[in-house]
Amino acid sequence: MKKLGFGLMRLPLLDPSDVTSIDMEQFKKMVDLFMDKGFTYFDTAWLYRGFKSEIATKTALVERYPRESFQLATKLHADFFNTLEERDEIFNAQLQKTGAGYFDKYLLHGVDPQKIKKLEKLDCFNWLLDKKEKGLIKQLGFSYHYNAELLDEILTDHPEVEFVQLQINYLDWESPWIQSRKNYEVCLKHNKPVIVMEPVKGGSLAAVPEEAEKLFRDADPNMSIPSWGIRFAASLPNVEVVLSGMGDMEQMTNNVSYMEDFKPLTKEETELCFKVAEIINVQIAVPCTGCEYCAEGCPQNIAIPQYFSLYNELMREDMKKKGWTQSFSRYSLLTQKFGKAADCIACGQCENICPQHLTVIEYLKQVSSRFDKR
């Protein structure tokens with residue numbers, strides 16, 4: 001299997017304000033290019049794109065290609081079931097929505113200290129072993145955004161787990177919160193293959209500061225800036241596949257161009273990535289990946305990831321002492337469709353679901369102090 005996977009969380013949209021308005025014609029063309037270049041791994045989940053990603057996957061992929069020609073992974077998030085019956089209802093609905101017949105990989109989604117208690121109480125690991133015995137899944141695993149200590153405990157208690165999906169990129173490699181390196185090393189210890197998510201950190205490593213971009217351009221002018229993040233993750237031993245949430249044909253074309261005949265980074269290139277990480281860390285204000293889990297359930301309909309992105313832009317521009325920038329105009333346009341940052345009622349649902357464990361409420365206050373009071 002080639003080491004680039006198609007992450008189906010950030011599919012192209014017809015209407016940017018509607019996460020369910022998937023551009024099916026563009027999605028089909030992206031699938032066709034991906035398959036034509038010999039890539040076969042697709043990753044979706046129950047909640048992606050407003051619960052529509054699995055349905056779109058059926059239309060763009062499953063109904064158009066022989067089942068044995070691709071590998072499909074999906075996930076079950078513990079927040080969406082509370083009983084054994086609900087657990088099975090969702091799994092059966094996923095089979096129906098995708099039309100896949102079986103899943104090559106099935107993941108328990110976003111495991112953390114609270115979710116692992118619930119998953120064990122509802123016997124989800126043995127439940128998946130039963131699904132595997134019945135041929136409904138081929139491999140069981142989980143996605144993970146927490147610390148290395150808990151990951152070690154889970155893999156010790158559940159040797160039946162066959163792989164782990166981790167957030168790994170050169171910016172988060174030594175992060176005390178994400179712990180990319182430490183979590184990766186735990187998987188090595190337990191001999192568990194790793195699937196990488198967020199190699200470009202939700203797109204934030206696709207547009208790096210000018211100083212960092214110059215370092216990459218000088219090292220290899222033929223390589224795109226986001227390629228460094230994906231190739232960094234793919235170069236790690238024990239990494240089976242690196243997911244990229246490609247949102248349009250341009251991103252797809254770029255990614256397959258350098259991953260079709262992938263060559264691991266050299267030691268010098270890897271060190272360059274870490275040097276770039278040092279530059280970025282000085283300038284980043286909110287380490288948001290733009291996954292949009294928080295926004296989909298926000299009672300005030302606040303465009304949280306978009307506001308954080310604008311805030312990060314503004315902070316970088318402040319460092320250059322630019323004063324007024326386009327960020328203010330973009331914020332104003334977004335507030336015509338979404339709630340303002342100041343509309344946050346501090347209900348906490350965003351912080352409960354954020355895989356980055358961000359203090360979203362406090363960050364929104366910072367955003368509001370800059371954008372809502374002009």
Side-chain angles (χ1 to χ4, degrees), residues 5-36 39-81 85-110 128 131 134-143 165 195 197 202 241 243-249 251-252 290-298 301 305 353 355:
F6 192 170
L8 306 177
M9 181 172 72
R10 298 182 176 94
L11 295 175
L13 299 176
L14 296 170
D15 178 359
S17 66
D18 180 3
V19 297
T20 68
S21 65
I22 298 169
D23 184 343
M24 288 304 304
E25 292 309 307
Q26 185 174 183
F27 182 23
K28 288 177 182 178
K29 291 177 182 177
M30 293 168 71
V31 168
D32 292 343
L33 176 60
F34 193 71
M35 293 287 286
D36 182 60
F39 300 93
T40 60
Y41 191 87
F42 297 81
D43 172 272
T44 184
W46 175 247
L47 57 82
Y48 287 175
R49 280 302 185 221
F51 303 91
K52 300 297 184 183
S53 176
E54 291 174 322
I55 297 172
T57 301
K58 179 180 181 179
T59 302
L61 173 68
V62 179
E63 294 182 340
R64 300 173 64 240
Y65 287 90
R67 182 62 185 88
E68 66 277 8
S69 67
F70 61 87
Q71 298 163 76
L72 181 62
T74 194
K75 314 177 191 71
L76 178 59
H77 199 288
D79 285 351
F80 295 100
F81 65 93
E85 292 76 18
E86 289 175 347
R87 182 191 64 183
D88 275 300
E89 286 172 5
I90 292 177
F91 184 87
N92 292 334
Q94 289 179 299
L95 286 173
Q96 181 179 15
K97 286 169 70 177
T98 61
Y102 64 89
F103 299 114
D104 297 276
K105 294 184 188 291
Y106 195 86
L107 298 85
L108 299 170
H109 197 170
L128 289 181
K131 299 295 184 189
K134 293 176 179 175
L136 296 175
I137 67 172
K138 289 189 175 182
Q139 287 189 318
L140 65 98
F142 59 88
S143 61
Q165 188 161 306
I195 294 174
M197 56 185 163
V241 66
L243 301 174
S244 177
M246 295 169 272
D248 56 44
M249 182 60 79
Q251 292 176 8
M252 171 67 73
C291 70
E292 298 186 339
Y293 292 176
C294 57
E296 291 181 14
C298 176
N301 192 32
I353 202 169

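Basis for what follows: all heavy atoms, side chains included, without hydrogens, waters or symmetry-related copies. Please read these numbers as outputs of a predicted model, since none were measured by experiment.
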Note to self: Rounded to the nearest 0.5 Å, what separates atom OH in Tyr48 from atom CG in Leu11?
What the structure shows: 10.5 Å

Item checked: Pairwise side-chain contact, Val31 with Phe42, heavy-atom cut-off 4.5 Å (strictly under) -> yes

Check: Atom CG in Leu108, atom NZ in Lys75: separation rounded to 0.5 Å?
Finding: 11.5 Å

Next item on the list: Go through the structure and list residues passing salt bridge (charged side-chain N to carboxylate O under 4.0 Å, His left out) with Lys58, not counting sequence neighbours.
Entry: none

Next item on the list: Please name all residues satisfying salt bridge (charged side-chain N to carboxylate O under 4.0 Å, His left out) with Glu89, sequence neighbours left out, ordered by chain then number.
Entry: none

Next item on the list: Kindly indicate whether the side chain of Met9, heavy atoms from C-beta on, has any atom under 4.5 Å from the side chain of Asp43.
Entry: no

Checklist line | Partner set under side chain to side chain donor-acceptor pair (under 3.5 Å) for Tyr65, not counting sequence neighbours | finding: Asp32

Next item on the list: Report yes or no: does Arg67 contribute a side-chain atom to a donor-acceptor pair with the main-chain N or O of Phe70 at less than 3.5 Å?
Entry: yes

Item checked: Partners passing side chain to side chain donor-acceptor pair (under 3.5 Å) against Thr57 (at least two apart in sequence or in another chain) -> none

Item checked: Flag side-chain contact, heavy atom, 4.5 Å: Thr44 against Gln94 -> no

Checklist line | Residues forming a salt bridge (charged side-chain N to carboxylate O under 4.0 Å, His left out) with Arg10, sequence neighbours excluded | finding: Glu198

Notebook entry, point to check: With the threshold set at 4.0 Å, does a side-chain nitrogen-carboxylate oxygen contact exist between Lys29 and Asp36?
Noted result: no

Checklist line | For Pro305, all residues meeting side-chain contact (heavy atoms from CB on, under 4.5 Å), sequence neighbours excluded | finding: Cys288, Glu292, Cys294, Ala295

Next item on the list: Output all residues satisfying salt bridge (charged side-chain N to carboxylate O under 4.0 Å, His left out) with Glu296, sequence neighbours left out; order by chain, then residue number.
Entry: none

Notebook entry, point to check: What residues form a side chain to side chain donor-acceptor pair (under 3.5 Å) with Tyr41, not counting sequence neighbours?
Noted result: none

Note to self: As an exercise, state the distance from CG of Leu72 to NZ of Lys138, rounded to the nearest 0.5 Å.
What the structure shows: 11.5 Å

Next item on the list: Not counting sequence neighbours, which residues clear side-chain contact (heavy atoms from CB on, under 4.5 Å) with Leu14? List them please.
Entry: Ser21, Asp23

Next item on the list: Could you tell me the separation between the OG1 atom of Thr74 and the CD1 atom of Ile137, rounded to the nearest 0.5 Å?
Entry: 11.5 Å

Margin query: Going by the rule side-chain contact (heavy atoms from CB on, under 4.5 Å), which residues pair with Lys52 if we only count those two or more places apart in sequence or in a different chain?
Written below: Thr20, Ile22, Ile55

Check: Taking only residues two or more places apart in sequence or in another chain, which ones pass side-chain contact (heavy atoms from CB on, under 4.5 Å) with Phe51?
Finding: Trp46, Leu47, Phe80, Lys97

Notebook entry, point to check: Who are the ring-ring contact (aromatic ring centres under 6.0 Å, His included) partners of Phe91, not counting sequence neighbours?
Noted result: Phe103, Tyr106, Trp127

